[in-house]
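Worksheet for the structure shown next.
Lettering of chains follows the sequences in order, A, B, ..., and the numbering in each one begins at 1. Keep in mind that the numbers below use all heavy atoms, side chains included, and drop hydrogens, waters and symmetry copies.
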Number of protein chains: 2
Amino acid sequence: MSTAKNNKPTESELEILGILWEKGAGTVREVHEVLEKSKDAGYTTTLKLMQIMHEKGLLKRDTSSKTHVYEAAISQESTQQQLLTRMIDTVFNGSATQLVMQALGNHRSSQEELDMIKQYLNTIEEQQKK
Amino acid sequence: MSTAKNNKPTESELEILGILWEKGAGTVREVHEVLEKSKDAGYTTTLKLMQIMHEKGLLKRDTSSKTHVYEAAISQESTQQQLLTRMIDTVFNGSATQLVMQALGNHRSSQEELDMIKQYLNTIEEQQKK
DNA sequence: ATTTGTTTACGAAAATATTCGTAGATCAAT
DNA sequence: ATTGATCTACGAATATTTTCGTAAACAAAT
């Protein structure tokens with residue numbers, strides 16, 4: 001229960017979080033520029049969205065200079081986790097395995113990635129033996 | 001482009017689809033009864049939702065008897081696929097592998113399931129060699 | 001045939017999410 | 001100090017999603 005996270009991000013908010021998780025931090029303009037590529041919305045729309053997200057506790061911001069700098073206030077991992085859980089629940093009959101296989105089947109993975117996953121599976125098995 | 005599927009289901013609609021995918025088909029009352037366990041909403045709310053879904057082409061229905069029987073009109077697989085893709089895109093930095101590992105890490109899987117996944121990985125590798 | 005319970009249809013309210021116009025602040029360059 | 005560009009704040013319009021009240025149809029039981 002560290003930072004406010006009982007607010008589940010909306011679709012648009014997720015897009016912004018995604019951008020900030022990658023960038024690390026950024027101004028409204030920077031975020032907006034990325035957003036524009038996949039979406040068309042005005043600058044003030046992005047601004048407003050980010051302000052709301054700040055109010056909700058989804059973003060932190062540094063207002064020390066005129067141009068504010070924003071940063072995600074919730075971790076990518078915990079958000080991923082929440083979304084995954086919900087998705088497995090409602091759409092994958094509660095089976096994580098089903099989700100994993102579906103993901104592997106339709107999204108080309110390189111040999112390196114497959115190896116990484118295999119290795120990870122081994123790690124899990126080791127843990128379970130204990 | 002068989003049946004209308006350009007309509008992405010909303011959150012509530014997904015819950016209903018999930019139920020129908022499991023049941024195969026059902027009346028409003030039946031769906032509502034399942035829904036009630038995790039949510040609280042009136043009967044007519046569920047009814048309306050399912051009517052809308054029918055209009056959108058998300059559900060088929062049999063109106064031959066007084067009590068209509070509904071069934072999902074879009075496949076679970078294609079829906080899973082769409083959702084996975086979007087999720088990987090916005091929240092997992094475009095990496096399916098990242099999603100897979102996150103899912104494996106936090107949702108306990110039995111040894112049987114792990115074996116199944118391993119086997120599936122081998123299948124994929126075989127395919128890629130060709 | 002009247003009552004009772006269950007169903008669909010419809011419309012509209014309520015709640016949420018998204019969008020943007022406008023005004024005022026700030027700063028750099030003229 | 002005026003202009004121009006860029007930024008934040010704010011409020012409100014739009015759009016979308018969710019909710020439910022009410023009425024009419026229907027069937028089974030009294």
Side-chain angles (χ1 to χ4, degrees), chain A residues 4-20 25-71 74 79 82-83 86 90-91, chain B residues 4 6-20 25-71 74 79 83 86 90-91:
Chain A
K5 75 118 187 240
N6 35 351
N7 269 323
K8 60 167 180 270
T10 68
E11 197 59 26
S12 301
E13 289 173 344
L14 269 185
E15 293 179 60
I16 290 176
L17 281 170
I19 292 168
L20 285 174
T27 65
V28 174
R29 170 119 348 244
E30 288 167 348
V31 170
H32 180 64
E33 233 126 57
V34 179
L35 215 47
E36 266 186 324
K37 292 179 198 159
S38 51
K39 217 187 180 184
D40 83 328
Y43 173 81
T44 52
T45 300
T46 305
L47 170 66
K48 180 67 171 190
L49 225 21
M50 290 175 72
Q51 286 172 340
I52 290 173
M53 290 173 76
H54 175 248
E55 278 171 24
K56 286 194 194 173
L58 295 174
L59 298 185
K60 286 182 284 197
R61 75 174 167 187
D62 175 351
T63 58
S64 59
S65 62
K66 182 199 165 192
T67 306
H68 301 176
V69 177
Y70 291 81
E71 193 179 345
I74 60 177
T79 307
Q82 257 179 273
L83 292 175
R86 186 146 32 112
T90 66
V91 179
Chain B
N6 36 349
N7 269 322
K8 60 166 179 272
T10 69
E11 197 60 24
S12 302
E13 289 173 344
L14 269 185
E15 294 179 58
I16 290 175
L17 280 171
I19 292 168
L20 285 174
T27 64
V28 174
R29 168 107 4 229
E30 287 166 348
V31 170
H32 180 63
E33 234 125 59
V34 179
L35 215 49
E36 265 187 325
K37 291 180 199 161
S38 52
K39 218 187 179 184
D40 84 327
Y43 173 80
T44 52
T45 300
T46 306
L47 169 67
K48 179 68 169 189
L49 225 19
M50 289 175 73
Q51 285 172 341
I52 291 173
M53 290 172 76
H54 175 247
E55 277 171 26
K56 286 193 193 174
L58 294 174
L59 298 184
K60 288 181 283 197
R61 75 172 167 185
D62 174 352
T63 59
S64 58
S65 61
K66 183 198 165 192
T67 307
H68 301 177
V69 177
Y70 290 82
E71 193 179 345
I74 61 177
T79 307
L83 292 175
R86 186 146 33 112
T90 66
V91 180

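- Across all strands, B:Thr44 comes closer than 4.0 Å to base atoms (heavy-atom distances).
- For B:Thr46, the side chain to side chain donor-acceptor pair (under 3.5 Å) partners two or more places apart in sequence, or in a different chain, are B:His32.
- Taking A:Arg86 as the reference, B:Glu11 meet the side chain to side chain donor-acceptor pair (under 3.5 Å) condition, with sequence neighbours excluded.
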Could you list, one pair per line, each protein nitrogen or oxygen that sits under 3.5 Å from a nitrogen or oxygen of nucleotides 25-30 of chain D, together with the distance?
| unit_1 | atom_1 | unit_2 | atom_2 | d |
| --- | --- | --- | --- | --- |
| D:dC26 | O2 | B:Lys66 | NZ | 3.4 |

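- When the P atom of D:dT19 is taken as reference, atom CG of B:Leu47 falls 14 Å away, rounded to whole Å.
- Atom CE of B:Met50 and atom P of C:dA9 are 12 Å apart (whole Å).
- Across every non-hydrogen atom of B:Leu83 and A:Val91, the tightest pair is CD1-CG2, 3.9 Å.
- Rounding to whole angstrom units, CE of residue A:Met53 and P of C:dT19 are separated by 13 Å.
- Nucleic acid contact class of A:Thr10 (heavy atoms, under 4.0 Å, all strands): sugar-phosphate only.
- Rounded to an integer number of Å, the gap from CG of A:Leu59 to P of D:dT8 is 13 Å.
- Residue A:Met50 holds its CE atom at 8.5 Å from CD1 of A:Ile19, rounded to the nearest 0.5 Å.
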Run the numbers on B:Tyr43 and B:Val28 for side chain to side chain contact (heavy atoms under 4.5 Å, CB included), then give the verdict. CA-CA 8 Å; B:Tyr43 173 80; B:Val28 174; 3.6 Å; yes
Decide yes or no on side chain to side chain contact (heavy atoms under 4.5 Å, CB included) for A:Ile16 and A:Met53, but give the supporting numbers first. CA-CA 9 Å; A:Ile16 290 176; A:Met53 290 173 76; 4.0 Å; yes
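- Atom NE2 in B:His54 sits roughly 12 Å away from atom P in C:dT8 (whole-Å rounding).
- Nucleotide C:dA17 holds its C1' atom 8 Å from the CD1 atom of A:Ile52, rounded to whole Å.
- As rounded to whole Å, 8 Å separates atom C1' of D:dT17 from atom NZ of B:Lys56.
- Of the candidate nucleotides D:dA9, D:dT18, C:dA9, D:dT18 has the atom lying nearest to any side-chain atom of B:Glu11.
- Taking the side chain of B:Thr45 as heavy atoms from C-beta on, and the options D:dC20, C:dT8, C:dA17, the nearest nucleotide is D:dC20.
- Scanning for side chain to side chain donor-acceptor pair (under 3.5 Å) contacts around A:Ser12 gives A:Lys39, with sequence neighbours left out.
- Side-chain atoms of B:Glu30 come within 3.5 Å of backbone atoms of B:Thr27 as a donor-acceptor pair (strictly under, hydrogens ignored).
- For A:Tyr43 and C:dT19, the shortest distance from a side-chain N or O to OP1 or OP2 is not below 4.0 Å.
- Residues from residues 29-42 of chain B placing a heavy atom under 4.0 Å of any atom in DNA chain C, listed by number, are B:Arg29.
- A salt bridge links A:Glu13 with A:Lys56; the closest basic N to acidic carboxylate O contact falls under 4.0 Å.
- Comparing C:dT19, C:dT22, D:dC7 by their closest approach to the side chain of A:Lys48 singles out C:dT19.
- At the phosphate of D:dT8, neither OP1 nor OP2 sits under 4.0 Å from any side-chain N or O atom of A:Gln51.
- Atom CD in B:Glu55 sits roughly 14 Å away from atom P in C:dT8 (whole-Å rounding).
- Residue contacts for B:Ser12: at a heavy-atom cut-off of 4.0 Å it reaches the sugar-phosphate backbone alone, with no base atom in range.
- For B:Lys66, there are no side chain to side chain contact (heavy atoms under 4.5 Å, CB included) partners two or more places apart in sequence or in a different chain.
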